[in-house]
Amino acid sequence: MKYKSQKVAYWFFALCMLLFSLQIVYGFIMGFDRIGIQGLHEIIPFNVARAVHTNLLVVWLLTGFMGAAYYIIPEEAQRELISVKWAYVQLISLAIVGVVTIIGFHFNHWEGRKFLEIPRELDYLVVVNVLLFLFIILGTLYKGKRQTTTALVLSMGLFFAALLYIPGMIWFDSQVMDSFFRWWVVHLWVEGVWELIMGGILSFLLIKLTGVDREVIEKWLYVIVGLTFLSGVLGTGHHYYYIGVNKIWLIVGGIFSALEPLAFLAMALFAVNMYRKGEKSHPNKIALFWTIGSAIVSFVGAGLLGFAHTLPQTNLYTHGTLVTAMHAHYAFWGAYAMIVLAMISYALPNLTGRKRYESAQGMMAFWLSNIGILGMTVAFGVAGVAQVYMERKMKMDFMVVQSEISIHFVVLLICATMFTIGIGLFIFDFIKYGRPTDEALDTDNQEHRVDGYKIDGHIIENLTGTSDKKGKTVI
């Protein structure tokens, strides 16, 4: 690592892994409930497990994004964070919000609004937490030696993610108005500004891992930002089809939902193209796999599978079924979970000074988790199509249909077990890396660094012990 304050990122990543583990546990509780194993039902009902599962997803991803920002911004701004102490305060307050929220859900203390169940009193602590985070990040950029497009896009995504939390705090007596503005948070996060965060992290990783010139990579970012705002904002309309708003949203939502895959396609082409242009000499192949995999899987999960069921003619039947779960699981995994895991895989060797990316465990974690989540997606898809046909076409009772499709959840649990083994290996590697150490701090000629290369006169020196034919090494 280049700056001592980057060590803050490690503890955000550690909290991130803990919350991810809990999310998986609650996912299994729901899966067992689906196949009739309901021993925990009296203690943890299905609706509680679902609320915890979905909210933990949001919290652990945000924690990962914050950790990524605390690692990336010092390097991009070429200076230490303006306050390490307040970064740790922010981490502790974030952990408190997560713990209190989960405990509260078990005692039915929530707002009851899907995906935004967090109790109102904790909303204010979240706002303070995020404002403190933005103060540290934006303050560091403002005082930095340089401002880059990568840092700008990443910080813009984080800023708008905070801004768009506010509509979810407004109280409406009308269910239509409440649903209308609730999607300003949920949709515009996951299909809008979070894409900017993903794009910023993706850009940083590709600069470091491929050796392609920063100017070339950052030009792609402008394309991604443009496509995200073109399609993502008005694409919110596909959530408005059946909540009581004007029928114009059928047209607007249909057209712009069809354009939404373009942003993810651009990311996939961007990543693959940069990989092919690069020197491919970076030794951390695991981080490279997670990075390229994120771009490709996000296009399939968020782009193609999202497009498959958001057009009005299709959504009329698939709305509120397991087809949505199929799309959601693969989309969140590819677009956001994988990019966080890519960032962790890249940062840990630099924070700890240990090159565990040379072990086979990391690669096993990558393949087992990806094969497992693909199997889960297929199981959700088959169950969802069967559900659509029996409920919407044959008019069968909802609970009868759930009983008929329960066999697919047996397959899903088998695939989820494979996925969990993969994530378990990733977390095992995370623990084996150990804590960050000052010995990993590279303070030699920081002012002469340019995007991963150390320049001394006319010589580009090797920093990691390996070099390509041109004598330069990506770090």
[X] atom [atom1]: more than 12 heavy-atom contacts under 6.0 Å:
{"X": "Trp220", "atom1": "CH2", "value": "yes"}
{"X": "Tyr317", "atom1": "OH", "value": "no"}
{"X": "Tyr241", "atom1": "OH", "value": "yes"}
{"X": "Phe115", "atom1": "CZ", "value": "yes"}
{"X": "Tyr88", "atom1": "OH", "value": "yes"}

Does the side chain of [Y] come within less than 4.5 Å of [X]'s, by heavy atoms?
{"X": "Asn47", "Y": "Trp110", "value": "yes"}
{"X": "Ser294", "Y": "Met198", "value": "yes"}
{"X": "Asp429", "Y": "Ser359", "value": "yes"}
{"X": "Leu205", "Y": "Ile339", "value": "yes"}
{"X": "Ile371", "Y": "Phe419", "value": "no"}
{"X": "Val97", "Y": "Ile118", "value": "yes"}
{"X": "Met343", "Y": "Ile72", "value": "yes"}
{"X": "Ile407", "Y": "Val410", "value": "yes"}

Distance-only donor-acceptor check, side chains [X] and [Y], under 3.5 Å:
{"X": "Ser406", "Y": "Gln402", "result": "no"}
{"X": "Asn370", "Y": "Trp333", "result": "yes"}
{"X": "Asn315", "Y": "Thr310", "result": "no"}
{"X": "Glu121", "Y": "His109", "result": "yes"}
{"X": "Glu404", "Y": "Gln387", "result": "no"}

Answer with yes or no after comparing the ring centroid distance for Phe12 and Tyr71 against a 6.0 Å cut-off, counting only values under it.
-> no
Ring center gap for Trp194 and Tyr336 short of 6.0 angstrom = yes
How far does CG of Leu57 sit from CG of Leu22, to the nearest 0.5 angstrom?
-> 13.0 Å
Report the distance from atom CG of Leu250 to atom CD of Gln313, rounding to the nearest 0.5 Å.
-> 9.0 Å
Lys/Arg-Asp/Glu bridge criterion (N-O < 4.0 Å) met for Asp123, Arg120 | yes
Test side-chain contact (heavy atoms from CB on, under 4.5 Å), reference Leu94, set Leu19, Leu62, Asn129, output is Asn129
Criterion ring-ring contact (aromatic ring centres under 6.0 Å, His included) on His187 and His238, from CA distance to verdict = CA-CA 10 Å; His187 172 94; His238 67 242; 5.2 Å; yes
Is a donor on one side and an acceptor on the other found under 3.5 Å between the side chain of [X] and the backbone of [Y]?
{"X": "Glu260", "Y": "Gly232", "answer": "no"}
{"X": "His327", "Y": "Gly301", "answer": "yes"}
{"X": "Asn55", "Y": "Ile102", "answer": "no"}
{"X": "Thr210", "Y": "Ile207", "answer": "no"}

Passing option when Phe430 is tested against Tyr357, Phe13, Tyr10 for ring pair (Phe, Tyr, Trp, His ring centres under 6.0 Å) | Tyr10
With side chain to side chain contact (heavy atoms under 4.5 Å, CB included) as the test, would you mind laying out the steps for Ile44 and Ile29 before giving the verdict?
-> CA-CA 8 Å; Ile44 308 176; Ile29 292 173; 3.9 Å; yes
Given His329 and Phe380, is the ring-ring contact (aromatic ring centres under 6.0 Å, His included) satisfied, shown in steps?
-> CA-CA 9 Å; His329 278 75; Phe380 271 124; 4.6 Å; yes
Are Leu316 and Arg392 close enough, and set up right, to give a side chain to side chain contact (heavy atoms under 4.5 Å, CB included), and what steps lead you there?
-> CA-CA 9 Å; Leu316 177 66; Arg392 307 292 161 87; over 6 Å; no
Could you go through the ring-ring contact (aromatic ring centres under 6.0 Å, His included) check for Trp290 and Tyr346 one step at a time?
-> CA-CA 9 Å; Trp290 282 111; Tyr346 172 76; over 10 Å; no
